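Bear in mind the structure is a predicted one, so any value in this text is a computation, not a measurement.
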Amino acid sequence: MMVCILRYITIFYCLTAFCLLYCLGLSYEPYQVHNLIKQGKFPVTVDDIVFLIRSQKNPVHLKRAEQVKDDIEQQCRIQDLGQPSVVLLSEDVGSMGQWTILPILPQIYNLHKNKKWIFLCEEESRVSVKGLLQVLSNYNWNKKMFLGKALQDRNPTIIHHFRFHDDPSKFSYPDFEAGWLLSKPLFKSLVERWNKGVITIDFSIDVKHEIAYFLWENGNGTTLTPIDEFCSGNIAVNAIPMTDTEIIDGLTTEVDLADTDKCVTSHPVEFQKCGEPVSLDDLFFGVKTCTKFHKDRVAVVQKTWGKYAKNIVFYSDTEDKSIPTVSTGVPNTERGHCGKLYAIFNSFNSDENLQKFPWLVVTDDDTILSVSRLQQYLSCYDPTKSVLLGERYGFGFLKNGYGYDYLTGGGGMIFSRAAITELLASGCKCRTNEDPDDMMVGSCARQNKLIITHTPLMHQARPNDYSKGFLGHQTPISFHKHWNNKPVQVYQDWFGKADSEFNIQQEYIENSTEKKDEL
């Protein structure tokens, strides 16, 4: 009887451990995979792969990418897998637009033409190298193969040029955060097509979709093969890096996690926080608006995120004391708003009442954002350094080394005071008031070697314009557009609870601090 009870207890604990690993979606453990790699029909080693990481120049983001590289190298070192080839695109590929991938492929191919596979990932992705080798051994590298976690659009969307408008779900493109791969023959053919100049992309908006579309070749090319083992949003945050000794001391080889957790890649759903949230006293919000939107769009801002923005000014073409708005002295324009943006820059730089603020956040009047998440996200950045932060687009990267990055205005543009000082000191000006403001800033930044820093958490479009799978593995900070949308509902669904709870928490902390000071 006792033996049976013990047996049932053992089974219970085993099932509980399995559920913690699998049911709760915990991260893979790259060092706890069984010593023997279960190779399929097409054996592959570390020497057959080049790892490309889409890193950025900004020190905060570069450090994250370096941790990905260190993690890959550490796995290979501890598990005696060989010396991996790992490339940080921002550091090892010296050209503008390297993040768009296509322009740099000839250079990468010339350096790594003997590799069977090209693995690409983001600055916070993680990959179990042994697990990846096991997965790849099931795919013929000698054929044109395009592998990754598949995303599909829910609706025709402007960010993808309304392609496949009859049924967007029939076209799959890779989730970059989960990692994706090109086989050697496909990589070679891609380079050959690029060198022939057959591509005519002026704007780089969503690279993952653009690359998949280029490979598709109007239905005559290669489509994405979905890989179930590639995952994202399957962990809360990345683990803190450890030394080789710490890892080796904690190794267990009795459990083969390949049997309990199929994921060989991961990406955190939460963004990194680097300390205390930035105080609302340090954030100044400048909202671009115009007379015709005073009653509807401005009212939505005031009803939603604007009530949490302690320091906010609505910049318009006319003064309206009932809101209030501040007149920029610039007539409203239907297209670009360069004159209005530079009026905000000049005010932020010269107005004595605004000179105390380290951060300027410029939004449209139909931007929908979370103030609390922005406070936490900015904890990683130094406003005494030049910071230009937001969703990055690109223009003119048809030829390697040309073109420039710019921040899309709809999702919000964030500038440190140091960045505003440098932009204005450069002498860059609008040619006309209706020049595209975001592109003008990007062009100016390129000319003056200022770094545009990308965050995938700020969005130029509406939630419905993005794949569920893409939004499902991140913690967004902003969206854009009231058109064909319910902006108040969007705010409540995505940001309302976070802002409300954070505000209550901060008020409690402030009240507790005041009581301590009184004592």
>> Can you see whether Phe348 has Arg417 sitting over its ring - NZ or CZ less than 6.0 Å from the centre and within 45° of the normal?
In response: yes
> Regarding Lys273 and the six-membered ring of Phe271, is the cationic atom NZ or CZ under 6.0 Å from the ring centre and inside 45° of its axis?
Replying inline: yes
On a heavy-atom basis, which atom in [X] and which in [Y] lie closest, and how many Å separate them?
X	Y	result
Asn332	Cys290	OD1-CB, 3.3 Å
Asp365	Val301	O-CG2, 3.5 Å
Trp359	Val278	CD1-CG1, 4.0 Å
Gln67	Pro241	NE2-CG, 3.9 Å
Thr100	Ser204	CG2-OG, 3.4 Å
Asp320	Ser322	OD1-OG, 2.5 Å

[atom1]-[atom2] distance between [X] and [Y], expressed to the nearest 0.5 angstrom:
X	Y	atom1	atom2	result
Asn58	Leu389	CG	CG	8.0 Å
Leu360	Ile414	CG	CD1	9.5 Å
Gln460	Ile158	CD	CD1	8.5 Å
Cys428	Asn448	SG	CG	5.0 Å
Gln98	Leu105	CD	CG	12.0 Å
Cys430	Leu341	SG	CG	7.0 Å

Check for a donor-acceptor pair, side chain of [X] on one end and backbone N or O of [Y] on the other, with a separation under 3.5 Å.
X	Y	result
Thr318	Thr291	no
Asp364	Asp366	no
Tyr404	Gln447	no
Gln474	Pro456	yes
Arg64	Glu123	no
Thr304	Val300	yes
Asp435	Thr432	yes
Ser386	Ile451	no
Ser266	Asn234	no
Asp465	Arg462	yes

Can a side-chain donor-acceptor contact be found between [Y] and [X] if the only test is distance below 3.5 angstrom?
X	Y	answer
Thr408	Asp438	no
Thr289	His294	no
Thr475	Glu270	no
Ser370	Ser372	yes

> Passes side chain to side chain contact (heavy atoms under 4.5 Å, CB included), Phe51 versus Leu120? Steps please.
Replying inline: CA-CA 6 Å; Phe51 297 85; Leu120 302 97; over 6 Å; no
>> Is there a side-chain hydrogen bond (donor to acceptor under 3.5 Å, both in side chains) between Gln355 and Asp351? Walk through the geometry before answering.
In response: CA-CA 6 Å; Gln355 289 181 354; Asp351 190 326; over 6 Å; no
>> Working note: Leu354 + Phe284, criterion side chain to side chain contact (heavy atoms under 4.5 Å, CB included); need CA distance, chi angles, decisive distance, verdict.
In response: CA-CA 8 Å; Leu354 303 184; Phe284 178 72; 3.6 Å; yes
>> For His160 and Tyr173, I'd like to know if the aromatic rings sit close, meaning centre-to-centre distance below 6.0 Å.
In response: yes
Between [X] and [Y], what is the ring plane arrangement, given parallel below 30°, perpendicular above 60°, and tilted in between?
X	Y	result
Phe203	Phe395	tilted
Phe345	Tyr342	perpendicular
Trp99	Phe397	perpendicular
Trp305	Phe285	tilted
Phe470	His473	perpendicular

> Would Thr157 and Phe162 satisfy side chain to side chain contact (heavy atoms under 4.5 Å, CB included), going step by step from the backbone distance to the final call?
Replying inline: CA-CA 5 Å; Thr157 171; Phe162 298 107; 5.6 Å; no
> Around atom CD of Glu434, are there more than 12 heavy atoms of other residues, nucleotides or ligands at under 6.0 Å?
Replying inline: no
Is there a side-chain contact between [X] and [Y] in this structure, where contact means two heavy atoms from C-beta onward sitting under 4.5 Å apart?
X	Y	value
Ser379	Pro277	no
Cys121	Val68	yes
Leu132	Leu181	yes

> For Arg77 and Asp244, what are the C-alpha separation, side-chain angles and deciding distance, and is it a salt bridge (charged side-chain N to carboxylate O under 4.0 Å, His left out)?
Replying inline: CA-CA 9 Å; Arg77 185 169 59 248; Asp244 290 10; 2.7 Å; yes
> Is the shortest distance from a Lys or Arg side-chain nitrogen in Asp281 or Lys310 to a carboxylate oxygen in the other one below 4.0 Å?
Replying inline: yes
>> With a 4.0 Å cut-off on N to O distance, would you call Asp499 and Arg373 a salt bridge?
In response: no
> Between Ser426 and Glu422, does a side-chain hydrogen bond (donor to acceptor under 3.5 Å, both in side chains) hold up when you go through it step by step?
Replying inline: CA-CA 6 Å; Ser426 71; Glu422 290 191 52; over 6 Å; no
>> Given Ser232, which partner from the list Glu124, His267, Glu122, Lys149 fulfils the side-chain hydrogen bond (donor to acceptor under 3.5 Å, both in side chains) test?
In response: Lys149
>> Please determine whether side-chain hydrogen bond (donor to acceptor under 3.5 Å, both in side chains) holds for the pair Glu177 and Ser125, giving the CA-CA distance in whole Å, both sets of side-chain angles, and the decisive distance to 0.1 Å.
In response: CA-CA 6 Å; Glu177 277 80 3; Ser125 302; over 6 Å; no
>> Show, in sequence, the C-alpha distance, side-chain angles and deciding distance for Ser55 and His61, and conclude whether the side-chain hydrogen bond (donor to acceptor under 3.5 Å, both in side chains) test is met.
In response: CA-CA 7 Å; Ser55 57; His61 295 262; over 6 Å; no
> Would Lys208 and Asp206 count as a salt bridge (charged side-chain N to carboxylate O under 4.0 Å, His left out) if you check the C-alpha gap in whole Å, the side-chain angles of each, and the deciding distance to 0.1 Å?
Replying inline: CA-CA 6 Å; Lys208 55 186 178 289; Asp206 187 1; 2.9 Å; yes
>> Is there a side chain to side chain contact (heavy atoms under 4.5 Å, CB included) between Trp180 and Ile211? Walk through the geometry before answering.
In response: CA-CA 11 Å; Trp180 55 290; Ile211 287 178; 3.8 Å; yes
